Peer 1: 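One structure, pasted below without further comment.
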Amino acid sequence: MRIGELARRTGASERALRYYEEQGLLSPARLPNGYRDYDERCAVTVRRIRILLSAGLGTAAVAEILPCVADDTVVLAGTCPELREGLAAERRRIDAAIGDLTAARDILDSLVGRPLYGPAAPAA
DNA sequence: ATTCTCACA
DNA sequence: TGTGAGCA
């Protein structure tokens, strides 16, 4: 199938599909006219790519994880032990980010409850 | 009608 | 990643 059909079937834009290829995530064959020729496997791969990307992973990480994914959408981390630490590290980064966001929200909450603007504050 | 590559008011 | 240009 060509890029248009794959885009419709996966929900990814044609632009994204070409980008995935540029990032080494997909390697579609080429028709004699230069058009990309995707097989069924690509449809499955694109769905996995989108899931991984939506998890906040970058294309570099996706490229490493992709070959470690079995026929289902389950990542067989056990098959690629090196990925375990990398994914664990990513998880820790997310935890840290959540902590930062929570702190930021708390500050915003305190501002709403005790505005710093409005009537001039008494001279310090 | 579709896809391709390249470039960015 | 979107969008548009200029081709094939």
Side-chain angles (χ1 to χ4, degrees):
Chain A
M1 76 188 96
R2 291 177 315 193
I3 198 168
E5 186 183 336
L6 182 62
R8 283 187 293 88
R9 289 178 48 179
T10 63
S13 65
E14 298 181 8
R15 176 78 169 75
L17 258 17
R18 298 193 182 95
Y19 180 66
Y20 296 161
E21 179 181 353
E22 188 178 287
Q23 299 303 300
L25 274 32
L26 281 177
S27 299
R30 292 281 181 160
L31 266 21
N33 57 16
Y35 289 9
R36 271 163 270 248
D37 182 30
Y38 302 90
D39 52 52
E40 291 307 310
R41 303 196 55 180
C42 289
V44 178
T45 301
V46 171
R47 297 194 178 93
R48 289 175 181 165
I49 290 174
R50 302 193 79 201
I51 290 175
L52 263 10
L53 251 26
S54 70
L57 297 172
T59 54
V62 176
E64 294 182 66
I65 298 174
L66 233 38
C68 296
V69 179
D71 285 312
D72 287 85
T73 50
V74 181
V75 175
L76 299 182
T79 304
C80 307
E82 350 69 35
L83 289 180
R84 264 201 158 335
E85 173 50 30
L87 293 176
E90 177 59 22
R91 207 224 127 84
R92 287 194 288 279
R93 290 185 55 181
I94 290 177
D95 273 337
I98 288 175
D100 290 344
L101 287 171
T102 298
R105 185 185 60 186
D106 288 346
I107 289 175
L108 259 21
D109 283 344
S110 71
L111 289 177
V112 173
R114 172 166 34 86
L116 297 178
Y117 47 79

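In what follows, every heavy atom counts, from backbone to side chain, and hydrogens, waters and symmetry copies are set aside. Since we're looking at a predicted model, the values are computed, not measured. Each chain gets a letter, A, B and so on, in the order its sequence line appears, and its residues count up from 1.
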Peer 1: Looking at A/Arg36 and A/Pro28, what are the two nearest heavy atoms and their distance?
Peer 2: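 Nearest pair, atom of A/Arg36 first, then A/Pro28: CG-CG, 3.7 Å.
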Peer 1: Do A/Tyr35 and A/Tyr38 belong together in a cluster built from hydrophobic side chains that touch within less than 4.5 Å?
Peer 2: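 As far as the 4.5 Å side-chain criterion goes, A/Tyr38 and A/Tyr35 are not connected within one cluster.
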Peer 1: Grab the CG-P distance between A/Leu6 and B/dT3 for me, whole Å please.
Peer 2: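 Taking atom P of B/dT3 as the reference, CG of A/Leu6 is at 11 Å.
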Peer 1: Show, in sequence, the C-alpha distance, side-chain angles and deciding distance for A/Tyr20 and A/Thr45, and conclude whether the side-chain contact (heavy atoms from CB on, under 4.5 Å) test is met.
Peer 2: CA-CA 10 Å; A/Tyr20 296 161; A/Thr45 301; over 6 Å; no
Peer 1: Under a 3.5 Å distance rule, please check whether A/Asp109 uses its side chain to pair with a backbone N or O of A/Val112 as donor and acceptor.
Peer 2: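 No; judged by distance alone, with no hydrogens or angles, the pair does not exist.
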Peer 1: Which heavy-atom pair separates A/Ala43 from A/Leu6 by the least distance, and what is that distance?
Peer 2: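 Shortest heavy-atom separation between A/Ala43 and A/Leu6 comes out as CA-CD1, 3.6 Å.
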Peer 1: How close or far is atom C1' of B/dA1 from atom CZ of A/Arg8, stated in whole angstroms?
Peer 2: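 Roughly 13 Å, once rounded to whole Å.
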Peer 1: Looking at A/Arg2 and A/Glu14, is any side-chain nitrogen of the basic one under 4.0 Å from a carboxylate oxygen of the acidic one?
Peer 2: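 Not counted as a salt bridge, because no side-chain N and carboxylate O are separated by less than 4.0 Å.
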Peer 1: Give the rounded distance in Å between these two atoms: OH of A/Tyr35 and P of B/dT2.
Peer 2: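 Those two atoms, OH and P, are 10 Å apart.
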Peer 1: Given atom CZ of A/Arg2 and atom C1' of B/dT2, what is their separation to the nearest angstrom?
Peer 2: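 From A/Arg2 CZ to B/dT2 C1': 6 Å.
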Peer 1: Tell me whether the count of non-hydrogen atoms from other residues, nucleotides or ligands lying under 6.0 Å of CZ in A/Arg41 goes above 12.
Peer 2: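 Atom CZ in A/Arg41 is not packed in, count stays at 12 or less.
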Peer 1: To the nearest 0.5 Å, tell me how far A/Leu57 CG sits from A/Leu66 CG.
Peer 2: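 Between atom CG of A/Leu57 and atom CG of A/Leu66 there are 11.0 Å.
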Peer 1: Of all the base pairs, Watson-Crick or G-U under 3.5 Å, which form stems of three or more consecutive pairs involving DNA chain C?
Peer 2: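 So the stems come out as B:4-8 with C:2-6.
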Peer 1: Taking heavy atoms of chain A and a 4.0 Å limit, find me the 5'-most and 3'-most nucleotide of DNA chain C within that range.
Peer 2: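 Using the under 4.0 Å cut-off, the span is C/dT1 to C/dA8.
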Peer 1: Which protein N or O atoms sit under 3.5 Å from an N or O of nucleotides 5-9 of chain B?
Peer 2:
from: B/dT5; atom 1: OP1; to: A/Arg30; atom 2: NH1; distance (Å): 3.4
from: B/dT5; atom 1: OP1; to: A/Arg30; atom 2: NH2; distance (Å): 3.2
from: B/dT5; atom 1: OP2; to: A/Arg36; atom 2: NH2; distance (Å): 2.3

Peer 1: Rounded to the Å, how far apart are A/Tyr38 OH and B/dT2 P?
Peer 2: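 Taking OH of A/Tyr38 and P of B/dT2, I get 16 Å after rounding.
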Peer 1: Do the side chain of A/Arg50 and the main chain of A/Thr10 share a donor and acceptor less than 3.5 angstrom apart?
Peer 2: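 Such a contact is found between A/Arg50 side chain and A/Thr10 backbone.
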Peer 1: So which of A/Arg92, A/Arg91, A/Arg93 actually passes salt bridge (Lys or Arg N to Asp or Glu O under 4.0 Å) with A/Asp95?
Peer 2: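 Going through the options one by one, the only one that passes is A/Arg91.
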Peer 1: Side chains of A/Met1 and A/Arg8, heavy atoms from C-beta outward: is any pair under 4.5 Å?
Peer 2: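 No, too far: nothing below the 4.5 Å cut-off.
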